[in-house]
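Just so we're on the same page: letters track the sequence lines, and every chain starts at 1.
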Amino acid sequence: MNNPKRYLITSALPYANGPKHIGHLAGAYLPADIYTRYLRAQKRDVVFVCGSDEHGAAITIQAMKENTTPKAIVDKYHALLESNMKDLGISFDIYHRTSSPIHHETAQEFFTKLNNNGDLIIKESEQYFDDTANTFLADRYIIGTCPICSSEGAYGDQCEKCGTSLSPEQLINPKSTLSGNPPSKKKTTHWYLPLDKHEEFLREWILENHKSDWKTNVLGQCKSWIDAGLQPRAVTRDLEWGVTIPSDVPGGAGKVLYVWFDAPIGYISATKQWALDNNKDWKPYWEDKDTKLVHFIGKDNIVFHCIIFPVMLKLHGNILPDNVPSNEFMNLEGDKMSTSRGWSIEMDDYINDFVKKENGGGMMVDALRYYLTAIAPETKDSEFTWKGFQDALNSELVSIFGNFVNRTFVLMHKLCNGKVPPLHQEIIDEADRKLLEDISNAKQVVEANIENYKYRDALFEVIDLARKGNKFMQDKEPWIVAKQIGEDGKPTVSAQKQIDNCLHLCLQLTANLSILINPFLPSTAEKLCYMMKVVNKMLDWENAGKSNLLSVGYSLRAPELLFRKMEDEEVSIQMEKLKAKSKKIMEANQPAANVSNEAVKVEKPIIQFDDFSKIDLKTGTIISAEKVEKADKLLKLEVDLGTEIRTIVSGIALHFNPENIIGQKVVVVTNLAPRKMKGIESNGMILMAENSDGKLEFISSHVNNGSSVS
RNA sequence: CGCGGGAUGGAGCAGUGGUAGCUCGUCGGGCUCAUAACCCGAAGGUCAUAGGUUCGAGUCCUAUUCCCGCUACCA
């Protein structure tokens, strides 16, 4: 969309169950902030909204962990997140929260409208229920034995050992993680959003209309989901913490909106609150076709912002996002960032260790903003390293950008009495014209890159302009020219003219740099304005590319260093800290992990003899074994049962080599219902025992094949 | 399994049919106004692997390998 009347920019709502790390910052907040600051400098009508996502089961779980209430949890982390974002220069127009009354009203209205229009369907289903905790269980809070690979501790939605997606009903011997008891089943009614009805719309809107302007990773993911077949998705949950179903809706008692449904509506309620606070009308931002809506998110959020929320918006009569520039993930020192493993740099830690230090402040905010933008995972995962941070800060910000500004100011004070020198038209040469051209080109390149969501490239262009400034000054060598002294002991008239022109251009370049760097490094831009004694209005984007930003004869302040170097010692301190934090958290989690494992391993319920006698066990011998193509854990076995030879597929490839188990005597469940695995029908199951190391061993007998076991 | 993204000199990345580039790092030289910095120059890549299409492929096609991710409130 070109030249929209107004922009609405959103960043993914951070989940208020704990502190957030610099990966979140790099993925969703910083790019959005850069884009917004750029648009503001363009004097566009733009609103940048965000807020804490405060609902969902994980909040209540976190409350139990911290032995407090969900409200206390969200209050605590909302305040922390809001202050962290502010400290790092993320310039939201509003940082809202989904626990606010206006959000509840908005989400309820949204639900009611869709429900009244017949856009939702109602289904009754049986779900697992924990009688002790008196609550329905989210998929994630049920664990049991994986039906595919037989490993313990598989979750209700997925087995992490073999990666299979599961539904809770498939788990063998399910347990509630809340009480450790086996859950019961209860009927419950829920509203669903029938995504499958909107497949055609999504195909056309995403895969046709946006096939050339959306990022390839986003398009690829969307296509993958659409092709896989969209399913109706539950909109409601049986929980207490969340947006309640409006009381006039029959059957809604005791239910809340599923957090995925209410969270994105938070963008709308935040806009409403912003409008109230600023005496504006919120509606055009969500209803007028001339509004450009852009969602900044990380790749885990693509499905919500490209598939689900757009369907909701369409049904509700709102505008659709113009783009969803999702980033990939940022790793940290060779490993994935993970809050639960303590392998992360929390925003709050960075702020305390660098920003709120004597030699920190805005320059260290900008240092982080610089590095995160320079290594932003725009097209693939990238990696944050402290050494890389140090290198980028020391060699690019300090040496190239900071040094250019500093030497310009120092020379101007030394050779031009601290005033902006005149530009002598008669001696302008090719290099001067080239520099002016570079400035104008840089503006256009930065512009194009920002508008195409390529912040890494845009920022590089700004630094490159400073690099060109350094080269220009080196070629002109005003400090050498100044040695051409006349009889009065001052530089000759012709020498002074050369000096004037060089520094005049370097100063105008500095002014341009402050405009171009402003969206990325706002503190730095502000400091430059202070040094140049100009008001912030000079930073308006329309001024970029001009060569008369500083008036001749205007006296400027003495230079201040824009950035400081990062010492080796600081790098090692941070590395130590990271390792220590990770170790501490892993140790703290260890006992908890054991407890949950033991909960899973409790005895199965007592069965009657009749139940046992239904199982037909026979002895046999493995006569052939081969790996199943393209499956890590499966072996295809031929087992001689005396009277017949059975094909059995068994998930034991990680434990045994096929050639080593030929001839192995085994006990087989022969009347298990056949089951296809990777296209091969398996007729039975081999009994195995797991030793204390988690290795599997065969259970065998030396009697003849085909003997019954009882 | 399947699907999506990725694989280019030590590191990070550009390059989507026509002589393989950039930044950092390394090495050498120059200069000195500047936060021991800045400028210039050099070394360093069989563009993951194997085939194919083409006058010509990092770029298109096929197969393979490896990394990341995949309807989890981890960006």
Side-chain angles (χ1 to χ4, degrees), chain A residues 11-17 20-29 53-59 138-140 155-158 163-165 195 215-225 227-228 230-231 233 258-260 263 296-304 307-308 326-331 336-340 344 374-375 377 379-383 385 387-388 391-392 394-396 398-400 402-411 414-415 456-457 460 463-464 467 470-471 473-475 477-480 482 559 561-565 628-632 634 677-679:
Chain A
S11 280
L13 304 185
Y15 198 54
N17 67 336
K20 300 294 148 186
H21 55 65
I22 57 168
H24 298 100
L25 185 64
Y29 308 107
D53 175 8
E54 305 183 308
H55 295 137
I59 295 285
D139 296 353
R140 195 64 185 175
Y155 292 98
D157 55 349
Q158 188 187 38
T164 314
S165 291
L195 291 170
K215 292 169 69 164
T216 49
N217 59 337
V218 176
L219 283 170
Q221 283 292 323
C222 290
K223 185 169 187 308
S224 170
W225 273 305
D227 287 347
L230 297 165
Q231 301 295 322
R233 200 182 159 92
Y258 211 149
V259 67
W260 66 258
F296 286 84
I297 55 168
K299 68 174 160 184
D300 58 320
N301 246 329
I302 291 174
V303 66
F304 289 102
I307 308 262
I308 299 171
S326 158
N327 276 314
E328 302 285 303
F329 282 164
M330 182 176 282
N331 297 324
K336 281 190 267 190
M337 280 202 216
S338 160
T339 307
S340 57
S344 69
I375 62 160
T379 54
K380 60 182 171 189
D381 289 358
S382 65
E383 180 163 336
T385 62
K387 184 75 175 63
D391 281 349
N394 292 1
S395 65
E396 289 168 28
V398 175
S399 300
I400 296 170
N403 186 54
F404 172 72
V405 171
N406 191 49
R407 68 200 298 210
T408 298
F409 266 72
V410 168
L411 279 175
K414 256 184 207 172
L415 304 176
R456 206 173 48 197
D457 292 349
F460 175 83
I463 299 300
D464 203 46
R467 198 176 274 124
N470 275 320
K471 183 165 164 47
M473 188 180 280
Q474 187 68 24
D475 293 343
E477 297 182 312
W479 55 91
I480 304 284
L561 297 183
L562 291 178
F563 305 101
R564 71 169 177 87
K565 292 212 166 190
V628 175
E629 279 285 303
K630 296 179 179 178
D632 293 340
L634 297 184
M677 289 189 238
K678 309 300 175 206

Closest listed nucleotide, where the reference is the side chain of [X] and the choices are [options]:
X	options	result
A:Arg467	B:C24, B:C73, B:U35	B:C24
A:Lys471	B:U32, B:C39, B:U23	B:C39
A:Phe304	B:C73, B:C22, B:C38	B:C73
A:Val398	B:U35, B:A34, B:C73	B:U35
A:His21	B:C33, B:C74, B:A72	B:C74
A:Val410	B:A34, B:C24, B:C39	B:A34
A:Ile480	B:C24, B:C31, B:A34	B:C31
A:Asn470	B:C73, B:C22, B:C39	B:C39

Tell me: [atom1] of [X] to [atom2] of [N], nearest whole Å?
X	N	atom1	atom2	result
A:Phe404	B:C39	CZ	P	11 Å
A:Trp260	B:U71	CH2	C1'	11 Å
A:Arg407	B:C31	CZ	C1'	10 Å
A:Glu477	B:C39	CD	C1'	9 Å
A:Asp475	B:C31	CG	P	15 Å
A:Asn406	B:U35	CG	C1'	7 Å
A:Asn17	B:C73	CG	P	11 Å
A:Asp464	B:C22	CG	P	11 Å

Who is the Watson-Crick or G-U wobble partner of [N], with both distances under 3.5 Å?
N	result
B:G12	B:C22
B:U62	B:A50
B:C3	B:G69

What nucleic acid atoms does [X] come within less than 4.0 Å of, heavy atoms only: base, sugar-phosphate, or nothing?
X	result
A:His55	nothing
A:Ile308	nothing
A:Phe460	sugar-phosphate

Base B:A37 paired with A:Asn403 side chain (donor-acceptor, <3.5 Å):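 There is none.
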
N/O donor-acceptor pair, side chain A:Gln474 with base B:C33, under 3.5 angstrom: yes

Separation of A:Cys222 SG from A:Ile302 CD1 (nearest 0.5 Å):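 Here the interatomic distance stands at 6.5 Å.
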
Distance-only, no hydrogens or angles: does the [X] side chain make a donor-acceptor pair with backbone N or O of [Y] under 3.5 Å?
X	Y	result
A:Asn470	A:Ile400	yes
A:Ser11	A:Phe296	no
A:Tyr29	A:Ile22	no

Check nucleotides 9-13 of chain B against the protein and report each pair of N or O atoms closer than 3.5 Å, with its distance, or say if there are none.
{"from": "B:C13", "atom 1": "O3'", "to": "A:Arg456", "atom 2": "NH2", "distance (Å)": "3.0"}

With rounding to the closest Å, how many angstrom separate the [atom1] atoms on [N] and [M]?
N	M	atom1	result
B:G9	B:A20	C1'	10 Å
B:G30	B:U16	P	40 Å
B:C67	B:U71	C1'	23 Å
B:A14	B:U23	P	15 Å
B:C22	B:G15	C1'	10 Å
B:G21	B:G45	P	14 Å
B:C1	B:U8	C1'	31 Å
B:U46	B:G10	P	9 Å

Ignoring backbone atoms, test whether [X] places a side-chain nitrogen or oxygen under 4.0 Å from the OP1 or OP2 oxygen of [N].
X	N	result
A:Lys387	B:C24	no
A:Lys215	B:G5	no
A:Lys565	B:A36	no
A:Ser399	B:C38	yes

Want to settle it: does A:Ala26 or A:Leu562 sit nearer the 5' end of RNA chain B, counting the closest nucleotide to each?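 Mapping each residue to its closest nucleotide by heavy atoms, the 5'-most match is A:Leu562.
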
Of A:Lys414 and A:Pro14, the one whose closest RNA chain B nucleotide lies more 5':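 By nearest-heavy-atom nucleotide position, the 5'-most residue is A:Lys414.
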
Pair A:Lys565-A:Ser399, side-chain contact (heavy atoms from CB on, under 4.5 Å): steps then yes or no: CA-CA 9 Å; A:Lys565 292 212 166 190; A:Ser399 300; 4.3 Å; yes

